[in-house]
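A short worksheet on the structure shown next.
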Amino acid sequence: MDTSLHPNDAFAGFGKLVRSDFVLERDYAHLNHGSYGATPVSVLAAQRVWQDRLELEPSRFMRREYKPAMRAAAEALAPRLGVEADGVVLVENVTQAVNAVLRELDLSAGSEILLTDQTYGAVRNTARHISKRNGWTLRDVALPFPALSADEILTTFKAALTPAPALVIIDHVTSPTALVMPVAEMAAAAREAGALVLVDGAHAPGMLDLDISKIPCDWYTGNCHKWMFAPKGCGFLWSSESRRDGMHPLAISHWYEEGYIAEFDYVGTRDASSMLCMSSVLSFMDAHGPERIRAHNHALVNDAADMLAKAWKTERGAEQALTGSIAMVRLPDGLGATLEEADTLRNRLVDEFRVQIPINALTGTLWCRLSAQIYNDIGDYERLESAVAEIS
């Protein structure tokens, strides 16, 4: 990393020194934390304790311990999100939360939902499916990419609010293009236009200094198994107070019409250990320092993106101000331009060079999406550079 940006000892203890905290295969360069995360060994052990508690006496656990433990997990998480726990319920993932919100949305036939051309595919499919059933229409706004500034994004988005949609779905951090959006300003503009606002914050918890109370939205959902180190299947849905009545989880169970929290906290018999070990998730983050983790990841991914763009004589997908812990870099010309060619290149990088990284087909060429996490160091990205040079 560029030590002029951060002293040598600023991130001491990260990189290869913490690789053993994870069960990741040692001979890979793991540059795709953004898709599925990676859970620390200590958190996996805590998850196993909860699984054992369930199996030692299943009836006692489900009847007496499960619901209080779910509330305790939500109450531990809520302050990290900047909101009170009575608006926070735990779900398996953002896709599930978006399905729950859209399924209960009371809009008249002909109502319009505004998406962007960078809306996550699963969210888009959910909106398509439910819109078909209810007679709603979908409209896309094409966001700039590569993006030069937050103002450029905001201006484009505001122009799409006329005519006013009934609902807008905004990504806090876009998945295909790795842009940190000016989400508070976008949400405020949508609210002013009279639209409901649903924020897909899949990548934001743990990556950004998140404070949902400062975002004027009706619903916010995020994943904890990406940048917060939780086990797979741990996410949350926050609903504003005015939107909690009438909200229901996808699985209707015993506490139907007993209230927002009661319904979402219990959706039938399941292994919720990924959620119940929330205190261990937060302890791992606190041991390394949430701000320090974010600073390390932001600095490393920007150093790596600058290095690769220079080596490949290409460009980044966004400036540092629009970058969190993931960044897009355009690959050298001649490697392809289609989704099929992107998949072929990605598979070659995995199989021949042991480098795991997403490749996207955008703007008529191929881009790679870099992730940075505390187990990465600059050598991982140099390995990617060497692999691409050999393939080219």
Side-chain angles (χ1 to χ4, degrees), residues 81 87 89 91-145 147 150 153-205 207-208 210 212 214-223 226 235-240 242-244 246-247 250:
L81 309 177
V89 290
V91 294
E92 273 73 13
N93 51 54
V94 164
T95 302
Q96 185 184 94
V98 170
N99 272 266
V101 170
L102 294 187
R103 190 180 69 175
E104 302 301 332
L105 200 57
D106 185 18
L107 300 179
S108 60
S111 294
E112 184 179 72
I113 297 177
L114 181 66
L115 309 176
T116 79
D117 61 341
Q118 297 174 32
T119 297
Y120 186 57
V123 173
R124 176 178 297 280
N125 285 340
T126 301
R128 286 178 56 208
H129 174 68
I130 296 178
S131 293
K132 285 180 182 178
R133 291 175 53 186
N134 294 321
W136 306 337
T137 60
L138 300 182
R139 178 163 58 93
D140 271 6
V141 50
L143 297 179
F145 180 81
I153 294 172
L154 186 58
T155 298
T156 303
F157 178 76
K158 283 182 175 180
L161 294 174
T162 303
L167 170 75
V168 298
I169 302 178
I170 307 170
D171 291 87
H172 200 155
V173 182
T174 61
S175 178
T177 54
L179 301 178
V180 177
M181 307 278 269
V183 67
E185 294 84 353
M186 293 170 75
R191 275 277 186 87
E192 185 175 350
L196 299 171
V197 179
L198 167 59
V199 178
D200 174 355
H203 285 275
M207 179 192 289
L208 307 177
L210 179 60
I212 296 173
K214 295 181 179 178
I215 303 172
C217 60
D218 297 276
W219 302 274
Y220 190 108
T221 176
N223 287 324
K226 289 183 181 285
F236 68 87
L237 170 65
W238 174 85
S239 300
S240 63
S242 64
R243 299 297 166 189
R244 294 169 201 166
M247 283 289 296
L250 293 183

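Values reported hereafter were calculated over all heavy atoms of this structure, with side chains retained and with hydrogens, waters and symmetry mates removed. Along the sequence shown, residues carry numbers from 1. Just so it is clear, the structure is predicted and the values come from calculations on it, not from any experiment.
What you find for Leu179 and Pro144 is that their closest heavy atoms are CD1-O, 3.9 Å. The two residues Pro216 and Ala187 make their nearest non-hydrogen contact at O-CB, 3.6 Å. Closest of all the heavy-atom pairs between Cys217 and Trp238 is O-CZ3, 3.7 Å. Met247 approaches Ser239 most closely through the heavy-atom pair CE-OG, 4.2 Å. For the residue pair Leu210 and Pro205, the shortest heavy atom distance occurs at CD2-CG, 4.1 Å. Across Ala122 and Thr95, no two heavy atoms sit closer than the pair CB-OG1, 3.7 Å.
Distance check, rounded to the nearest 0.5 Å: OG1 of Thr137 to NZ of Lys132 gives 14.0 Å. Note that CG of Leu107 is 8.5 Å distant from OG of Ser131, once rounded to the nearest 0.5 Å. Rounded to the nearest 0.5 angstrom, Ile113 CD1 and Ile130 CD1 are separated by 8.0 Å. Within the model, atoms CE of Met181 and OG1 of Thr116 stand 5.5 Å from one another, a figure rounded to the nearest 0.5 Å. With values rounded to the nearest 0.5 angstrom, Gln118 atom CD is found 13.0 Å from Ile170 atom CD1.
With sequence neighbours excluded, the residues that form a salt bridge (charged side-chain N to carboxylate O under 4.0 Å, His left out) with Arg139 are Glu112. Residues passing the side chain to side chain donor-acceptor pair (under 3.5 Å) test with Asn99 are Thr126, sequence neighbours excluded. Applying the salt bridge (charged side-chain N to carboxylate O under 4.0 Å, His left out) rule to Glu92 yields the partners Arg270; only residues at least two apart in sequence or on another chain are considered. For Ser111, the side chain to side chain donor-acceptor pair (under 3.5 Å) test picks out Ser108, with sequence neighbours left out. The salt bridge (charged side-chain N to carboxylate O under 4.0 Å, His left out) search around Arg103 returns none, not counting sequence neighbours. Scored by the side chain to side chain donor-acceptor pair (under 3.5 Å) test, Asp140 finds Arg124 as partners (sequence neighbours excluded). With sequence neighbours excluded, the residues satisfying side chain to side chain donor-acceptor pair (under 3.5 Å) with Asn125 are Arg128.
Listed by first and then second residue, the ring pair (Phe, Tyr, Trp, His ring centres under 6.0 Å) pairs that reach into residues 125-145 are Phe145-Trp367, sequence neighbours excluded. For residues 186-195, the set of pairs meeting the salt bridge (charged side-chain N to carboxylate O under 4.0 Å, His left out) definition, not counting sequence neighbours, comprises Arg191-Asp218. Within the structure, no pair that satisfies the salt bridge (charged side-chain N to carboxylate O under 4.0 Å, His left out) test touches residues 162-176, not counting sequence neighbours.
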Side-chain donor-acceptor contacts of residues 195-203 below 3.5 Å, not counting sequence neighbours, with atom names and distances?
from, atom 1, to, atom 2, distance (Å)
Asp200, OD1, Ala202, N, 3.1
His203, ND1, Trp227, NE1, 3.1

Would you give me the side-chain donor-acceptor pairs under 3.5 Å for residues 155-169, sequence neighbours excluded?
from, atom 1, to, atom 2, distance (Å)
Thr155, OG1, Asp151, O, 2.9
Thr156, OG1, Glu152, O, 3.0

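In this structure, the side chains of Tyr220 and Leu81 stay at 4.5 Å or more apart for every pair of heavy atoms.
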Check the pair Ile153, Met186 against side-chain contact (heavy atoms from CB on, under 4.5 Å), reporting the backbone distance first and the verdict last.
-> CA-CA 9 Å; Ile153 294 172; Met186 293 170 75; 4.3 Å; yes

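Checking side-chain atoms of Asn223 against main-chain N and O of Asn93 turns up no donor-acceptor pair under 3.5 Å.
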